[in-house]
Amino acid sequence: MDELHRVTPEEYKHQEKTPLTVVLDDIRSMNNVGSIFRTCDGLAIEQIYLCGITACPPNKEISKTALGATETVEWHYFEDVAEAVKNLQENGYKVYMVEQTDRSVMLQDFHIPQDQKIAIVLGNEVFGVSDKLLDLVDGAIEIPQYGVKHSFNVSIAGGITIWEIFKQIKFK
């Protein structure tokens, strides 16, 4: 690890974080939850909100893919995803769901206003983001797709979107 110049978990806790919150709305697969934790650790994402049926650490199944990231990434649990979104908005965040809607903006066309705190909501593997969020969030982001399937696995969709937002924040 020394040769890779990795920070220690203690150093990670004190380093500057990417001002992005990732909200997991009823994610049923603990492997997906762990994978998203690991992505958030790798890009020093500010925090994760776990909502509804989404499992919380400590959990052996989450740990299989998180590989320790549940110990470094800050997380909070909300029973109701709408409450989590309202909490973020009350604290100055613009909240966007990653979902295909009639008003979604393609990811490549999504631009973060300068100095704006951002949160994204990733939805359930089968049903997507909860319908109750449609009129609550500030917008929707869609990842363009050119194949036969009309969706990505949630951990992949999260990774793609988190990376794109990370690039906009860190490499302006």
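These figures come from a predicted structure and were not determined experimentally. Residue numbers count from 1 along this sequence. Atom set for the values below is all heavy atoms of this structure, side chains included, hydrogens, waters and symmetry mates excluded.
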### Task
Over all heavy atoms of both residues, which pair between Glu61 and Asn31 is shortest? Give the atoms and the distance, please.
O-OD1, 3.6 Å

### Query
Can a donor-acceptor pair be found between the side chains of Ser155 and Asn153 at a distance below 3.5 Å?
yes

### Task
Please list, chain by chain and in numerical order, all residues satisfying side-chain hydrogen bond (donor to acceptor under 3.5 Å, both in side chains) with Ser104, sequence neighbours excluded.
Glu142

### Message
Checking the side chain of Lys17 only, and the main-chain atoms of Tyr12 only, is there a donor and an acceptor separated by less than 3.5 Å?
### Response
yes

### Task
Consider only side-chain heavy atoms of I, L, V, M, F, W and Y, link residues closer than 4.5 Å, and tell whether Ile141 and Ile48 are in one cluster.
yes

### Task
Could you tell me which non-hydrogen atom of Pro57 sits nearest to which non-hydrogen atom of Phe37, and how far apart they are?
CG-CZ, 3.9 Å

### Message
Going by ring pair (Phe, Tyr, Trp, His ring centres under 6.0 Å), name the pairs with one or both residues in residues 43-73, residues two or more places apart or in two chains.
### Response
Tyr49-His76, Tyr49-Phe78

### Query
Are there more than 12 heavy atoms of other residues, nucleotides or ligands under 6.0 Å from atom NZ of Lys170?
yes

### Message
Test side chain to side chain contact (heavy atoms under 4.5 Å, CB included) on Val98 and Val129; report intermediate values, then the result.
### Response
CA-CA 8 Å; Val98 180; Val129 175; 5.9 Å; no

### Query
Quick check: does any side chain N or O of Thr65 sit under 3.5 Å from a backbone N or O of Ser35, one acting as donor and the other as acceptor?
yes

### Task
State whether the side chain of Asn124 and the backbone N or O of Asp26 hold a donor-acceptor pair below 3.5 Å, judged by distance alone.
yes

### Message
So does Asn91 get a backbone contact from the side chain of Lys117, meaning a donor-acceptor N/O pair under 3.5 Å?
### Response
yes

